[in-house]
2 protein chains.
Amino acid sequence: MRYIQKAEYGVPPSTSIDESDPLFVQAIARAMQVLSAFHAAGKPLTLNEIAAAGGLGKSGAQRVVHTLRQLGYVERDADDRGYVPGIRILDHTRDYLRLNPLVARASPVLMELRRTVRERVDLSLRDGLRLVYAARLQSKRETFFATLVGQSVPIYCTSGGRAVMAHMSDAEVDEIIERSERREITPKTITDPGAIRAKVQEARENGYALALEEILQGEIAIATALVAPDGTPLGAIHIAGSLSEWDAETFCRRFAPLAGEAAGAINRF
Amino acid sequence: MRYIQKAEYGVPPSTSIDESDPLFVQAIARAMQVLSAFHAAGKPLTLNEIAAAGGLGKSGAQRVVHTLRQLGYVERDADDRGYVPGIRILDHTRDYLRLNPLVARASPVLMELRRTVRERVDLSLRDGLRLVYAARLQSKRETFFATLVGQSVPIYCTSGGRAVMAHMSDAEVDEIIERSERREITPKTITDPGAIRAKVQEARENGYALALEEILQGEIAIATALVAPDGTPLGAIHIAGSLSEWDAETFCRRFAPLAGEAAGAINRF
DNA sequence: AACCAAGTATCGCTGTACGATACATTCGTA
DNA sequence: TACGAATGTATCGTACAGCGATACTTGGTT
């Protein structure tokens with residue numbers, strides 16, 4: 001059995017909460033740590049691995065896993081070699097997507113956009129230093145695992161991220177750049193603070209952001225921001241294509257207006 | 001702000017576990033009950049609503065919601081009118097899909113199938129009396145909310161369900177029929193046990209299952225089962241189209257062989 | 001056959017989480 | 001503008017839920 005590698009670039013949000021809050025139920029935090037152990041996993045995990053990753057003892061892991069198993073949030077792997085996340089998780093996925101008003105508003109517009117552009121169209125939502133993909137309308141050729149709901153990418157080096165940053169103050173942008181763990185995900189990834197600021201400025205002027213192969217070789221993406229009524233950026237719309245079919249200039253000329261219209265339609269309710 | 005109605009036909013799996021199991025951490029169960037409160041919600045929920053739906057007191061709900069909020073699994077609604085599921089849920093969605101070997105194996109085949117048939121293609125997984133959609137490759141026209149990951153449908157009255165039942169013993173099929181809460185979801189939904197058994201038998205003979213408007217008016221769907229090496233059915237592949245474009249016979253003649261091939265390719269590793 | 005690791009079971013003590021209640025704040029209505 | 005209802009927030013003493021050390025079972029590997 002082959003399992004998919006983890007390959008998650010986005011930094012999971014800081015789990016550095018806790019402390020002695022009288023309302024904080026730590027058993028729940030333990031459960032979520034156990035579930036989060038799978039974020040870094042590329043295969044089913046054993047109890048001990050879960051214990052280690054979740055930062056708790058064997059007994060604790062045993063109890064938590066047992067409980068989550070009863071409830072359907074953790075399952076035994078098909079060939080009984082370890083634990084994997086359980087199907088009940090998907091029920092909550094549905095709830096999240098259904099009840100997120102931005103997703104609700106954006107969806108018909110995205111479908112329409114996808115129909116027009118015939119390239120991949122994504123909706124991502126901001127969570128701290130990353131963007132999380134909430135809706136993905138694939139085009140023909142990509143592999144499914146490059147386009148999973150729940151995948152996340154860093155803000156600092158993506159088209160969507162820069163579209164989002166374009167709607168922030170310079171101070172906020174600097175803070176994001178500062179706090180991000182800036183790695184060269186591909187050789188083309190822009191990691192220099194000054195260069196990132198320049199790209200953000202460019203996005204402000206153009207009304208859309210562009211990224212070339214900064215996450216994936218051969219990929220070109222443009223994005224426009226989705227904002228709250230008060231102007232706070234909440235996420236982005238992405239259009240992504242292949243550099244084997246497009247040069248950057250044509251891609252932008254063709255799709256930037258469409259991405260702009262779509263974002264506009266969503267932003268004004 | 002408009003919110004999407006619940007409209008979930010599949011029966012959520014029984015949460016009738018618990019009792020006095022020494023390894024069972026009930027605080028975790030409480031947390032999951034709170035998250036599950038959103039399954040029946042069509043709008044953000046207040047603390048009291050969550051307490052009621054989750055079957056616990058106000059204090060308990062307060063603590064659990066507080067904790068889940070710290071962790072990002074629950075958020076305040078945008079206009080501060082109630083609570084909604086939080087974005088961290090999507091991280092676990094991704095883990096589930098990544099680590100499910102069936103999804104992993106099926107995905108490339110599904111993408112290829114989608115390219116060929118140009119209609120909606122879905123992958124569903126069995127969970128008790130229902131099928132949960134794990135991957136959905138939309139066609140042009142549907143509304144996004146009809147095609148959410150995590151949506152579930154009953155086994156007894158769907159093409160996928162009957163494809164799955166076709167790989168079970170008569171006794172197992174009867175048990176599913178018996179335990180299912182059989183409602184007429186549309187006027188065309190087949191709810192009579194004998195009629196269901198006949199459709200299952202038909203699926204056994206044809207190697208695929210057919211359903212006409214049993215879940216959604218105007219929809220035609222065929223499905224083939226995905227099975228474990230030992231023959232246990234695990235889920236199904238669906239191809240769904242519109243009756244405004246297809247008559248049943250043409251649809252079957254055209255797509256049944258393709259659905260069969262795809263399932264075959266996935267089933268033999 | 002012998003070993004090692006994974007999963008399962010047991011148990012007494014402690015500190016976590018329980019739930020009642022009281023407070024604060026925001027909303028809709030008169 | 002004042003009122004009342006409902007929502008979210010804070011506090012506190014007590015009981016029992018969950019903690020973690022340890023020991024047992026099972027199954028796969030060398």
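Below, read A as the first sequence line, B as the second, and so on, with proteins coming before strands; counting in each chain starts at 1.
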Handout entry: Minimum-distance nucleotide to B:Q62 side chain [options: D:dA10, C:dG7, C:dG28]
Key = D:dA10
Practice task
Between D:dT7, C:dG28, C:dA20, spot the one nearest the side chain of B:K58, thanks.
Solution key: D:dT7
Exercise for the section: Answer yes or no for B:R63 and A:F24: cation-pi contact, defined as NZ/CZ to six-membered ring centre under 6.0 Å and angle to ring axis within 45°. Expected result: no
Exercise for the section: Could you tell me whether B:H238 and B:Y133 have their ring centroids closer than 6.0 angstrom? Expected result: yes
Handout entry: Between P of C:dA9 and CG of B:D21, the distance in whole Å
Key = 9 Å
Handout entry: Rounded distance (Å) that lies between atom C1' of C:dT26 and atom CG of B:N48
Key = 14 Å
Problem - Nucleotide nearest A:R30 (side chain, heavy atoms from C-beta), chosen from C:dT8, C:dA20, D:dC19 - result: D:dC19
Fill in the blank from the handout: Separation of D:dC16 atom C1' from B:F24 atom CZ, nearest Å, is 17 Å
Handout entry: Identified side-chain contact (heavy atoms from CB on, under 4.5 Å) counterpart of B:I266 within the set B:I237, B:L123, B:T224
Key = B:I237
Fill in the blank from the handout: To the nearest angstrom, the OH-P distance between A:Y83 and C:dA5 comes to 17 Å
Practice task
Please report, rounded to the nearest Å, how far the P atom of C:dA17 is from the CG atom of B:L56.
Solution key: 15 Å
Problem - Side chain proximity check, B:T46 to B:Y83, heavy atoms < 4.5 angstrom - result: no
Problem - A:T46 (side chain) and C:dA6 (base): donor-acceptor pair under 3.5 Å - result: no
Handout entry: Between A:H92 and A:Y73, ring centroids under 6.0 Å
Key = yes
Exercise for the section: Take the protein atom CZ of A:R81 and the nucleotide atom P of C:dA6, then report the distance between them rounded to whole Å. Expected result: 12 Å
Fill in the blank from the handout: Quick note, A:V25 side chain, CB onward, closest among C:dA9, C:dC18, C:dA20 is C:dC18
Completion exercise
Whole-Å distance, B:L47 CG to C:dC27 C1', equals 16 Å
Fill in the blank from the handout: Picking from C:dT16, D:dT9, C:dG19, the nucleotide nearest the side-chain atoms of B:R63 would be C:dG19
Handout entry: Length of the CG-C1' vector between B:L23 and C:dT8, whole Å
Key = 8 Å
Handout entry: B:Q26, nearest nucleotide to its side chain (from C:dG7, C:dG19, D:dA17)
Key = D:dA17
Practice task
May I ask you to say what B:D80 touches in the nucleic acid, namely base, sugar-phosphate or nothing, with a heavy-atom cut-off under 4.0 Å?
Solution key: nothing
Practice task
Check whether any side-chain N or O of A:R76 sits under 4.0 Å from OP1 or OP2 of C:dG7, and answer yes or no.
Solution key: yes
Exercise for the section: Tell me which of B:E49 and A:V64 sits closer to the 5' end of DNA chain D, going by the nucleotide each one is nearest to. Expected result: B:E49
